[in-house]
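Here's the structure, in structure tokens; my notes come after.
Hydrogens, waters and symmetry mates are skipped; everything else that's a heavy atom, side chains included, is used.
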Amino acid sequence: VTVIDGATNNTTIVNVGISPNAVAVNPVTNKIYVVNQCGNDSKCASSGTVTVIDGATNNTTTVNVGAYPYAVTVDSASNQIYVVNFCGNDVTCGSDGTVTVINGATNNTTSVNVGYFPTDVEINSVTNKIYVANNCGNANSCTSAGTITVIDGVTNNTLTVTVGIFPYLTAVDPVTNQIYAANQCGNDSTCQSVGTVSVIDGTSNTVVTTATVGFAPVSVGVDVPTNKIYVANACGNDPTCQSAGTVTMIDGATYSTTTVTVGKVPQGLAVNPVTNRIYGTNFKDNTVSVIAGASATPLQFVAVTPCRLVDTRKSGGPIPGGTSQSFSIPQEGGCNIPTTAAAYSLNVTVVPPGSLGYLTIWPTGEDQPVVSTMNSLDGRI
């Protein structure tokens, strides 16, 4: 792993396992999790590993996981790490996939069974639900529709949602509680048709609609403030993949779509919710397409009757220093906040038992800001 100093662009090399192919960061604990597909076996005939890097020292620890780990995500609120194992616990790939749940405090692991050949895992930190995209659904022959396995982060119990053919990547909007699964082959098992995106309601765990996108959608990202979803289509409008790729924008409110032409074989997709810019890497062009994101619908401020959403003195005690906690605003405190609200103006009060260095609040799913919301160094209310 190459560690780049964001201030100077100086680099440091950290040795990990064999064939590392995914990485995730816990910004609260300053731990980095690197998925090594082949673990410590150059022949790739053994189970994979996860290398845990201490962000302060670059020291490493190795955690054993399943066969051919493929993706990883971190829940910084619960300090749980979820690793998708493409072949479960079977290096011959004859069984269904698994997710290895790593306890970030102890590095102890738990295995959860999912569908066949899972390729992606995403989390909604507000609801503590984990979503796993299973390319081949419930059949290792890959002749049926794909599925999304929903894991309850508290119990590790699972349920299954059927989506399209070969769901490859997913994305979660924690505000609307909708999950977007990009189906590479749409609804066509021969993969001769355009791809689709299955929109899953996180409350009912049902597919509420299916949006048509381009050929071979390979990446999906959500711009939470604008409620717009962006899908990179590797083959654009050409099933032979000889023409330019496209990015399809899905309106999260109406599910209408708009398509933008980009470079050849777009792969990765990243959304900057602050600047409202979308960045797509074009594999065959050696370029990055920068797209101006669709504007959000103008908002109107609506005052509500003063109401206390959360009082941590009555709901589990104070939030410990160095940790974070997520709250679903419309569901808190019986305050009747409408679920259609797109932004909030909040008052925060602290009653610290001693010196409080700083408290920061920010939208779930976005990066923690580097400024504080409130300080109370002398412990005053």
Begin from the C-alpha positions of V222 and Y180 and carry the test side chain to side chain contact (heavy atoms under 4.5 Å, CB included) through to its verdict. CA-CA 9 Å; V222 176; Y180 300 89; 4.1 Å; yes

Smallest heavy-atom separation, D96 atom then Y116 atom, equals N-CE2, 3.4 Å

S219 versus Q267, closest heavy-atom pair with distance: CB-O, 3.0 Å

When you look at N85 and T100, which way does the side-chain hydrogen bond (donor to acceptor under 3.5 Å, both in side chains) test go after all the steps? CA-CA 7 Å; N85 304 301; T100 300; 2.9 Å; yes

Using the rule that Ile, Leu, Val, Met, Phe, Trp and Tyr join whenever any side-chain heavy atoms are under 4.5 Å apart, tell me whether V121 and Y68 fall into a single cluster. yes

With the side chain counted from C-beta on, respond yes when V197 and T210 share a heavy-atom pair under 4.5 Å apart, and no when they do not. no

Gap between atom CG of D188 and atom OG of S193 - 0.5 Å precision: 3.5 Å

Can you list the other members of the hydrophobic cluster that holds Y33, where links are side-chain heavy atoms under 4.5 angstrom apart? V35, V50, V52, V63, V65, V72, V74, I81, V83, I102

Tell me if the OH atom of Y344 is crowded by more than 12 foreign heavy atoms within 6.0 Å. yes

Quiz question: by atom type and distance under 3.5 Å, do the side chains of T206 and D201 form a donor-acceptor pair? no

State, with a plain yes or no, whether a side-chain heavy atom of F166 is found less than 4.5 Å away from one of C142. yes

All heavy atoms of F215 vs all of Q192, minimum pair found to be CE2-O, 3.7 Å

Could you check whether T51 and N36, counting side-chain N and O atoms only, form a donor-acceptor pair closer than 3.5 Å? yes

Set of ring pair (Phe, Tyr, Trp, His ring centres under 6.0 Å) partners for F86, sequence neighbours left out: Y70, F117

D5 CG: over 12 foreign heavy atoms closer than 6.0 Å: yes

Kindly say whether T176 contributes a backbone atom to a donor-acceptor pair with the side chain of Q178 at under 3.5 angstrom? no

So salt bridge (Lys or Arg N to Asp or Glu O under 4.0 Å) across residues 305-333, not counting sequence neighbours, yields R308-D311, D311-R313

Pick out which of T258, N233, T257 makes a side chain to side chain donor-acceptor pair (under 3.5 Å) with T248. N233

Verify the cluster assignment for V172 and V224: are they in a single hydrophobic cluster under the rule of side-chain heavy atoms below 4.5 Å apart? no

For T323 and I319, what are the C-alpha separation, side-chain angles and deciding distance, and is it a side chain to side chain contact (heavy atoms under 4.5 Å, CB included)? CA-CA 7 Å; T323 70; I319 301 171; 3.5 Å; yes

Is it true that a side-chain atom of D75 and a backbone atom of A77 form a donor plus acceptor pair closer than 3.5 Å? yes

Determine, step by step, whether N15 and T60 satisfy the side chain to side chain contact (heavy atoms under 4.5 Å, CB included) criterion, reporting the C-alpha distance in whole Å, the side-chain angles of both residues, the deciding distance to 0.1 Å, and the verdict. CA-CA 8 Å; N15 291 324; T60 63; over 6 Å; no

When rounded to the nearest 0.5 angstrom, what distance separates CG in N113 from OG in S95? 8.5 Å

With no hydrogens and no angle check, do the side chains of S256 and D251 hold a donor and an acceptor under 3.5 Å apart? no

Take a 6.0 Å sphere around CG of L346 and say whether it holds more than 12 heavy atoms from other residues, nucleotides or ligands. yes

Any chance you could measure D223, atom CG, to K228, atom NZ, to the nearest 0.5 Å? 8.5 Å

So for atom CZ, which belongs to F327, do other residues, nucleotides or ligands contribute more than 12 heavy atoms lying within a distance under 6.0 Å? yes

Looking only at non-hydrogen atoms, find the nearest pair between G202 and Y131 and report the distance. CA-OH, 4.0 Å

Same apolar cluster (I L V M F W Y, side chains within < 4.5 Å links), V260/V290: no

Set out, in order, the CA-CA distance, both residues' side-chain angles and the distance that settles side chain to side chain contact (heavy atoms under 4.5 Å, CB included) for S315 and V310, then state yes or no. CA-CA 8 Å; S315 61; V310 176; 4.3 Å; yes

In Å and rounded to the nearest 0.5 Å, what is the OG1 to CD distance from T364 to Q325? 10.5 Å

Taken to the nearest 0.5 Å, the spacing of I130 CD1 from I148 CD1 works out to 13.5 Å

Do any pairs count as a salt bridge (Lys or Arg N to Asp or Glu O under 4.0 Å) and have a residue in residues 9-18, sequence neighbours left out, and if so which ones? none

Contacts of D152 that satisfy salt bridge (Lys or Arg N to Asp or Glu O under 4.0 Å) - sequence neighbours left out: K129

Does a sphere of radius 6.0 Å around CG in N237 hold more than 12 heavy atoms from other residues, nucleotides or ligands, not counting ones at 6.0 Å or beyond? no

Are the side chain of N272 and the backbone of V274 linked by a donor-acceptor contact shorter than 3.5 Å? yes

Under 3.5 Å, is there a donor on one side chain and an acceptor on the other for S198 and N183? yes

Write down the atom of L359, the atom of V350, and the distance for their closest heavy-atom approach. CD2-CG1, 3.8 Å

Shared ILVMFWY cluster between L159 and V199, side chains joined below 4.5 angstrom? no

With sequence neighbours excluded, tell me which residues meet salt bridge (Lys or Arg N to Asp or Glu O under 4.0 Å) with D378. R380

From CA spacing to verdict: side-chain hydrogen bond (donor to acceptor under 3.5 Å, both in side chains), N134, T147: CA-CA 5 Å; N134 307 300; T147 59; 3.0 Å; yes

Cluster link V304 to L309, ILVMFWY, side chain under 4.5 Å: yes

Using 0.5 Å steps for rounding, measure from the CG atom of N59 to the CD1 atom of I53. 10.5 Å

Could you tell me if the side chain of I123 sits less than 4.5 Å from the side chain of Y82, heavy atoms only? yes

N282 versus S289, side-chain donor and acceptor atoms under 3.5 Å: yes

Do any N or O atoms from the side chain of N135 and from the backbone of P118 form a donor-acceptor pair under 3.5 angstrom? no

I'd like to know if the side chain of D238 and the backbone of Q242 have a donor-acceptor N/O pair within less than 3.5 Å. yes

Polar side-chain atom of D41 near backbone of A45 as donor-acceptor pair, under 3.5 Å: yes

